[in-house]
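Take a look at the structure below.
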Amino acid sequence: MKNLLKMAVLVFFAFYFLKLITYTINAHLISDETLYAHIAQTIYHDKAMPRMIPELYGGLLVSEYPPLFSIMGAAIYSILGINGFYLANIILLALLLASMFLLARDYFSEDIALLACLFLVSAPMTAQLSLYFLGEMLTAFLAFLFFVTLYLYLASPKLRYSILTGLLLGLLVLTKQSGILYQAFCLAGLIWFAIKQDKQRVNGLTLAIALSIAVSLRYFLSNIESVKGFIEITFSNLTPILGGKADEMDRLINSVWYVPKWILSFSIVREFGWVLIVSFIITVFYFIRRWREARGYLIFLLLFVFLFIFSFISSAVTSRHFLPLVGLVSLLGAISICSLVKKDTYRIGIAIIVLIINIYSTLSMPDYRASYTLSPVLAEPLRFLKEKTPPDSTILSCWTYATFFYTGRNATWPLSSRMAPNSPTELFYEKDLSKFYSLLNKYKIDYILIDKSKIGKEFNSFNYPESMIENLKGLIKNGQSKIVYDARYFTIVEIERER
């Protein structure tokens with residue numbers, strides 16, 4: 001019976017991945033994906049990580065983006081070309097599932113391994129983020145390996161586990177700056193074992209932290225201001241307490257892009273899915289009812305609580321940033337259920353139920369890629385800009401990354417001064433027509449791509465304020481600019497700059 005179940009699970013996973021791949025066929029990169037793709041292409045062609053992209057925002061400091069995901073992107077681009085960007089995270093998900101099954105089978109049991117993998121793909125977030133060219137899936141993959149190696153070290157403090165934990169810690173920092181949280185957890189553990197006078201584990205965690213610092217030291221030393229800025233903006237709601245100061249543009253971006261915590265809570269529950277939520281409730285029950293047995297896995301629960309709390313209180317967090325916890329909850333849920341249910345027949349029954357639910361969910365899975373792609377209505381004006389404008393033109397566009405990626409022209413928009421010191425923020429607050437025109441010349445803006453759905457009374461970081469639209473009308477009336485493209489959703493205004 002168990003062999004038949006394993007065959008059924010393999011067939012399901014084949015179908016699951018086939019459906020994910022079909023969603024990439026008509027996809028086009030958008031938003032942050034285009035930036036990561038450009039950095040990856042630059043690494044591939046120049047064999048080096050760029051420090052700045054001069055064509056974006058008058059000079060975008062790439063140090064804000066840790067290099068490992070872009071290096072991985074360059075590697076897959078060298079093999080599959082641009083199609084690799086659409087398949088990268090699907091491949092990483094396959095590696096995560098394989099690692100989860102093999103590690104859980106070898107160090108726990110095959111039943112736990114099978115159930116954990118089924119839990120992982122039950123989360124809508126897993127499928128959704130496997131389709132986007134963003135760094136969360138790589139973080140989730142490395143985080144899961146870190147969770148297991150840290151558990152193995154604390155359970156059996158051997159040198160190899162300490163070294164692996166340290167290397168994975170360093171790679172996490174090089175993937176996302178939030179990797180600092182994983183280092184902080186290990187530091188907290190080190191302090192705890194120092195209080196307990198457990199020298200062996202203190203030495204092992206010290207080695208792990210030291211190795212992680214060594215792996216990521218060059219990045220930290222080269223980008224100390226960027227890392228400091230990340231901490232300040234991530235916890236901008238705490239900066240008055242911590243004594244930091246977040247950039248005003250950062251605060252404005254946060255207020256638009258990051259939802260209130262109560263909405264975030266519902267988003268997390270929805271993206272984790274009810275199967276995973278139920279498994280977590282069972283985990284809590286397991287720890288309460290069978291504490292003596294469950295405390296051997298306490299490190300997993302502490303990791304979840306620590307990472308969830310510090311991620312949740314962040315000022316700059318969305319539900320996708322919780323993807324690394326999906327693997328942890330999946331493993332915890334599988335361990336808890338298999339610890340509570342001893343009979344093979346019942347375990348197989350539970351796995352079959354979860355498998356049937358996953359099959360139904362996959363059959364009804366929406367095309368997540370369809371809502372996160374370059375829309376035809378945006379593609380048309382971008383094609384016009386690529387075909388009708390000089391190669392050295394600078395375009396002001398709220399779709400900055402996509403404008404740059406698809407047109408090959410310089411693109412700019414207001415951004416935090418720590419990331420782009422020369423972005424044209426003041427332009428969006430200027431109401432005097434002559435000064436507005438002078439600022440257009442100062443920032444060498446040749447074209448303005450106006451998204452008509454994003455015109456608002458006041459500037460909110462991702463819209464065109466009414467004062468700007470009025471200024472443009474004045475420039476058109478004075479013959480200092482003209483409309484060169486006008487459609488239902490987009491208008492392109494050409495600026496007659498002073499020569």
Does anything in [range] pair up under salt bridge (charged side-chain N to carboxylate O under 4.0 Å, His left out), and if so which pairs, sequence neighbours excluded?
range	answer
residues 4-20	K6-E110
residues 322-344	E293-K342
residues 354-374	E33-R369
residues 299-309	none

For residues 164-172, please give each side-chain donor-acceptor pair under 3.5 Å, one per line with the distance, not counting sequence neighbours.
unit_1: T165; atom_1: OG1; unit_2: T149; atom_2: OG1; d: 3.3
unit_1: T165; atom_1: OG1; unit_2: Y161; atom_2: O; d: 2.8

I'd like to check the side-chain contact (heavy atoms from CB on, under 4.5 Å) partners of [X]; sequence neighbours left out, ordered by chain and number.
X	answer
N358	F12, L118, V121, S122, V354
L174	P67, L68, V215, S216, Y219
Q128	Y132, E271, Y368
L187	I191, I209

Run through L145, L150, L152 and flag the one making a side chain to side chain contact (heavy atoms under 4.5 Å, CB included) with V148. L152
Closest heavy-atom pair, Y297 versus F287, reported as atoms and distance to 0.1 Å, is O-CZ, 3.7 Å
Quick one: which residue pairs count as a side-chain hydrogen bond (donor to acceptor under 3.5 Å, both in side chains) with a foot in residues 181-208, not counting sequence neighbours? Q183-S212, D198-R201
Would you say F405 and L374 make side-chain contact, with heavy atoms under 4.5 Å? no
Is a donor on one side and an acceptor on the other found under 3.5 Å between the side chain of K176 and the backbone of V173? no
For H28, does its backbone N or O pair with a side-chain atom of T373 as donor and acceptor, under 3.5 Å? yes
Residues pairing under ring pair (Phe, Tyr, Trp, His ring centres under 6.0 Å) where one sits in residues 82-111, two or more places apart or in two chains, turn out to be Y77-F85, F85-F133, F108-Y151
Do any pairs count as a ring pair (Phe, Tyr, Trp, His ring centres under 6.0 Å) and have a residue in residues 259-281, sequence neighbours left out, and if so which ones? F280-F304
Looking at F308 versus F322, is the centre-to-centre ring distance below 6.0 Å? yes
Does NZ or CZ of K261 fall inside the cone over F312's six-membered ring, less than 6.0 Å from its centre and within 45° of the axis? yes
